[in-house]
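A quick write-up on the structure given underneath.
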There are 2 protein chains.
Amino acid sequence: MYEGAVQDLIDELGRLPGIGPKSAQRVAFHILEADGEDMKRLADAIVSVKEKVKFCEICFNVSEESTCRICQDSRRDPSVICVVEESKDVMAIERTRSFRGRYHVLGGSINPIAGVGPDQLHIRELLNRLSDDQIKEVIIATDPNLEGEATATYLVRMLGSIGIKLTRLASGLPVGGDLEYADDVTLGRAFEGRTDLS
Amino acid sequence: MYEGAVQDLIDELGRLPGIGPKSAQRVAFHILEADGEDMKRLADAIVSVKEKVKFCEICFNVSEESTCRICQDSRRDPSVICVVEESKDVMAIERTRSFRGRYHVLGGSINPIAGVGPDQLHIRELLNRLSDDQIKEVIIATDPNLEGEATATYLVRMLGSIGIKLTRLASGLPVGGDLEYADDVTLGRAFEGRTDLS
């Protein structure tokens, strides 16, 4: 519809996740009208993230060095590994400040429809890490959805026999939510996982 | 929260319109994991749109040359000018294929709260164009919202005395919509602007 460069930009923006044709157009016109220096910085940030950012050799979290800040930090408890799907999940857990161990980022979840099997995830590398005697507990923190549960089940089957404590994050009612609005499965889980107050 | 380059990219993306912190993070991780060539193309498209795209000297539509394709097209009727707020509006009207005249892009609408007065819009340039005798009609196609109506009212006051026919796009019920779901103002306008079928 538009002339050359504007349409090219709309097309490229429209390929990003969560950006439909209307937002792509809106963002493109914003870029067109915005300050040239600001937009140069945006373009540079895209190029530089591809050049600089790698994945940690130990846990596969994003990192600008060969090992990430968390794996380098000697104050973190090396005896507990929290297994998550993505680097975004590491950040979400870090924000809670309730975990002081280390992580292992699988790089996704088992999803046969999208063609992702256990071999595409960093599960072999997790098994290698667990051969270290100092590891006492593995916390499985995959998403509480179909793919995350399938991945958790697979991990339990793989790791169940090696004698390390395996735990899974609690499912239940979200804090601040209304009981009557909770879905049936969540409410069922909240009953199953009820805690003893006596 | 993240290390250097990832956080820089999230910050830059978060400044774009309609992209909140969560989408900025999602898009940043998409860029991180996507094909390097594709992302180079996105960065280039941003830089190139700023370098190549200018505004038409006649109508202020976006253009890669000094005058836009529509102003250059001798088959377009030079006697009718459709006044719109943005280049996006030109494209929306072009898609309808119901207008064969030319355009004038104001570059926004009068919005005292955002500090946009008539002097920031290309209204003087419109007046200059209207000194050409061949122009018979000006269609005011600003948005049907508060700012668009204020701009239309201002234009009517400015142009009312120069003896050119002034029209405004019809307000009324959107085609395909339900009468009972129309808001009061729209329904009121539909009554006022009712057409004669007899």
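A, B, ... follow the sequence lines: proteins, then strands. Residue 1 opens every chain.
- Interface remark: Glu33(B) contributes backbone and side-chain atoms alike to the contact with chain A (heavy atom separation under 4.5 Å).
- Salt-bridge check for Arg41(B) with Glu12(A): passed, with a basic side-chain N closer than 4.0 Å to an acidic carboxylate O.
- Here the side chain of Lys165(B) pairs no donor or acceptor atom with the backbone of Ile139(B) at under 3.5 angstrom.
- Of the listed residues (Gln25(A), Arg69(A), Arg26(A), His30(A)), the greatest number of heavy-atom pairs within a distance under 4.5 Å of chain B belongs to Arg69(A).
- Each of Ile46(B), Val47(B), Val49(B) was checked for a side-chain contact (heavy atoms from CB on, under 4.5 Å) with Met39(A), and the lone residue meeting it is Ile46(B).
- Using modelled atom types, one side-chain atom of Ser87(B) and one backbone atom of Val62(B) make a donor-acceptor pair closer than 3.5 Å.
- Contact annotation: the side chain of Ile81(A) approaches that of Leu130(A) to within less than 4.5 Å [non-hydrogen atoms, C-beta and beyond].
- Between the side chain of Ser63(B) and the main chain of Thr67(B), a donor-acceptor pair closer than 3.5 Å is present.
- The greatest number of non-hydrogen atom pairs below 4.5 Å with chain A, out of Lys52(B), Lys40(B), Arg95(B), is found for Arg95(B).
- Residues of residues 147-160 of chain B lying under 4.5 angstrom from chain A, judged on non-hydrogen atoms, do not exist.
- The heavy-atom pair separating Cys56(B) from Cys59(B) by the smallest distance is SG-N, 3.4 Å.
- Judged by distance alone, with hydrogens and angles left aside, the side-chain atoms of Asp73(A) form a donor-acceptor pair with the main-chain N or O of Arg75(A) at under 3.5 Å.
- Interface residues of residues 97-115 of chain B toward chain A, defined by a heavy-atom distance below 4.5 Å: none.
- Proximity to chain B is limited to the side chain of Ile19(A), based on heavy atoms less than 4.5 angstrom apart.
- Counting heavy-atom pairs under 4.5 Å between each of Gly4(B), Gly18(B), Ala5(B), Cys68(B) and chain A puts Ala5(B) at the top.
- In terms of modelled atom types and a separation under 3.5 Å, the side chain of Lys50(A) and the main chain of Ala34(B) share a donor-acceptor contact.
- Looking at Lys88(A), the atoms closer than 4.5 Å to chain B (heavy atoms on both sides) sit in the backbone and in the side chain alike.
- The greatest number of non-hydrogen atom pairs below 4.5 Å with chain A, out of Asn61(B), Val90(B), Ile31(B), is found for Ile31(B).
- Between the side chain of Arg15(B) and the backbone N or O of Asp38(A) there is no donor-acceptor pair closer than 3.5 Å.
- Under the 3.5 Å distance criterion, the side-chain polar atoms of Asp35(B) are matched with a main-chain donor or acceptor of Glu37(B).
- Across Leu32(B), Asp8(B), Leu16(B), Asp44(B), the residue that shares the most heavy-atom pairs under 4.5 angstrom with chain A is Leu32(B).
- Other residues, nucleotides and ligands contribute more than 12 heavy atoms inside 6.0 Å of the CG atom of Leu127(A).
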Derivation of the side-chain contact (heavy atoms from CB on, under 4.5 Å) call for Leu126(B) and Val83(B)
CA-CA 9 Å; Leu126(B) 175 63; Val83(B) 180; 3.9 Å; yes

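- The residues Glu94(B) and Arg76(B) are annotated as salt-bridged, a charged nitrogen and a carboxylate oxygen being separated by less than 4.0 angstrom.
- Note on Ala28(A), Ala43(A), Gly36(A), Ser23(A): by heavy-atom pairs under 4.5 Å with chain B, the leading option is Ala43(A).
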